[in-house]
Amino acid sequence: MQEENIVTGITALSKGRYKVDIDGQFRFVLYRGELHTYHIVQGEKISPESLEEILTEVLPRRAKLRSMNLLKSREYTEYQIREKLKQGFYPAAAIDEAVEYIRSYHYIDDRRYVKDYILYYSESRSRGRIEQDLMRKGIGRDLISAVYEEELGEEKLPDEIRLMEKLLEKKNYRSESADYREKQKMGAFLYRKGFSLDNIAKIL
């Protein structure tokens with residue numbers, strides 16, 4: 001069945017933003033002024049020219065600006081940027097264009113993000129915990145391993161036993177005087193940091 005480009009729904013979203021359905025399917029979100037600019041009225045047809053401009057100019061431009069604004073306050077992985085734009089109801093094509101744009105200027109760089117993250121948390125978290133955290137941010141295990149092996153190397157990172165010792169020192173833990181309850185508490189603390197049960201048992 002050929003699409004007729006009939007506006008079948010206009011639903012208020014927030015702050016003057018509206019979800020627009022065309023031919024019974026959600027297509028994009030526009031501001032109130034844009035509805036007037038492109039003569040988008042429920043029950044009426046949207047011109048092919050207007051639809052093309054919205055999809056190829058208005059929304060990609062807005063997605064790029066949204067991405068740039070997000071990156072002003074902190075770094076994001078590509079996955080996180082994509083998720084933020086999806087939450088803003090941007091179409092897949094606009095998201096792809098925005099991501100390609102910010103990637104081309106190195107505003108996002110997953111490899112750099114991984115390296116900085118590892119270096120920042122290597123004094124307080126185990127490799128296992130760091131890997132889990134990064135994978136939750138959409139980073140693949142292969143990239144994480146590559147950064148560990150190719151860019152950082154074991155000599156630049158703390159030994160896990162030594163790292164656990166430092167963490168326990170900060171907690172004023174003394175194995176020779178600790179009772180069973182304190183050992184259990186410290187064991188749980190180290191486990192949450194991602195250390196293996198074998199290493200925890202050794203150090204406690």
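Just so you know, residue 1 is the first one in the sequence shown, and it goes up from there.
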Donor-acceptor pair, distance only, cut-off 3.5 Å: does the side chain of [X] make one with the backbone of [Y]?
{"X": "Asp109", "Y": "Arg112", "result": "yes"}
{"X": "Asp23", "Y": "Asn5", "result": "yes"}
{"X": "Arg129", "Y": "Arg192", "result": "yes"}

Inset, instruction - Answer yes if the side chains of Tyr117 and Glu75 hold a donor-acceptor pair under 3.5 Å, and no otherwise. - result: no

Legend entry - Between Tyr18 and Arg32, a side-chain donor and acceptor under 3.5 Å: yes

Answer with yes or no whether the hydrophobic clustering places [X] together with [Y]; edges join I, L, V, M, F, W, Y residues whose side-chain heavy atoms lie under 4.5 Å apart.
{"X": "Phe89", "Y": "Leu30", "answer": "no"}
{"X": "Ile108", "Y": "Met68", "answer": "yes"}
{"X": "Tyr38", "Y": "Leu35", "answer": "yes"}
{"X": "Tyr121", "Y": "Ile139", "answer": "yes"}
{"X": "Tyr79", "Y": "Met135", "answer": "no"}

To the nearest 0.5 Å, how far apart are [atom1] in [X] and [atom2] in [Y]?
{"X": "Tyr107", "Y": "Ile102", "atom1": "OH", "atom2": "CD1", "answer": "10.0 Å"}
{"X": "Leu85", "Y": "Ile95", "atom1": "CG", "atom2": "CD1", "answer": "5.0 Å"}
{"X": "Lys72", "Y": "Leu70", "atom1": "NZ", "atom2": "CG", "answer": "10.5 Å"}
{"X": "Ile118", "Y": "Ile130", "atom1": "CD1", "atom2": "CD1", "answer": "6.5 Å"}
{"X": "Asp116", "Y": "Tyr120", "atom1": "CG", "atom2": "OH", "answer": "11.5 Å"}
{"X": "Tyr76", "Y": "Tyr113", "atom1": "OH", "atom2": "OH", "answer": "9.5 Å"}

Legend entry - Verdict with reasoning, Val41 to Val7, per side chain to side chain contact (heavy atoms under 4.5 Å, CB included): CA-CA 7 Å; Val41 179; Val7 178; over 6 Å; no

Legend entry - Short N-O contact, Lys45 and Glu4, less than 4.0 angstrom: no

Legend entry - Pairing of Glu100 and Arg103 as salt bridge, 4.0 angstrom limit: yes

For residues [X] and [Y], determine if any side-chain heavy atom of one lies less than 4.5 Å from a side-chain heavy atom of the other.
{"X": "Val58", "Y": "Glu34", "result": "yes"}
{"X": "Arg111", "Y": "Leu143", "result": "yes"}
{"X": "Tyr31", "Y": "Arg62", "result": "yes"}
{"X": "Gln80", "Y": "Thr77", "result": "yes"}
{"X": "Thr11", "Y": "Val20", "result": "no"}
{"X": "Ile6", "Y": "Ile22", "result": "no"}
{"X": "Ile54", "Y": "Ile40", "result": "yes"}
{"X": "Glu53", "Y": "Glu49", "result": "no"}

Legend entry - All salt bridge (charged side-chain N to carboxylate O under 4.0 Å, His left out) counterparts of Asp96, not counting sequence neighbours: Arg82

Inset, instruction - Quick one: list whatever passes side-chain contact (heavy atoms from CB on, under 4.5 Å) with Lys115, sequence neighbours left out. - result: Leu119, Val147, Glu151, Leu152

Inset, instruction - Taking all heavy atoms of Ala94 and all of Ala63, pick out the closest pair and write down the distance. - result: O-CB, 3.8 Å

Legend entry - Heavy-atom pair with the smallest gap, counting every atom of Ser124 and Leu167: O-CD1, 3.8 Å

Inset, instruction - Quick one: do Glu83 and Lys86 satisfy salt bridge (charged side-chain N to carboxylate O under 4.0 Å, His left out)? Show the steps, please. - result: CA-CA 5 Å; Glu83 288 300 301; Lys86 284 178 186 176; 3.4 Å; yes

Inset, instruction - Let me know which of Arg136, Arg125, Lys137, Arg141 forms a salt bridge (charged side-chain N to carboxylate O under 4.0 Å, His left out) with Glu131. - result: Arg141

Inset, instruction - Any chance you could lay out the side chain to side chain contact (heavy atoms under 4.5 Å, CB included) test for Val99 and Glu78, step after step, and finish with the verdict? - result: CA-CA 7 Å; Val99 168; Glu78 178 177 326; 3.7 Å; yes

Do other residues, nucleotides or ligands put more than 12 heavy atoms under 6.0 Å from the [atom1] atom of [X]?
{"X": "Arg181", "atom1": "CZ", "value": "no"}
{"X": "Gln25", "atom1": "CD", "value": "no"}
{"X": "Lys64", "atom1": "NZ", "value": "yes"}
{"X": "Asn69", "atom1": "CG", "value": "yes"}

Inset, instruction - Compute both the distance and the angle, then confirm whether Arg66 meets the cation-pi test with Tyr90: under 6.0 Å from the six-membered ring centre, within 45 degrees of the axis. - result: no

Legend entry - Lys19 to Phe28, cation-pi by 6.0 Å centre distance and 45° axis angle: no

Legend entry - Test side chain to side chain contact (heavy atoms under 4.5 Å, CB included) applied to Arg27 and Leu55, step by step: CA-CA 9 Å; Arg27 293 301 300 274; Leu55 292 174; 3.3 Å; yes

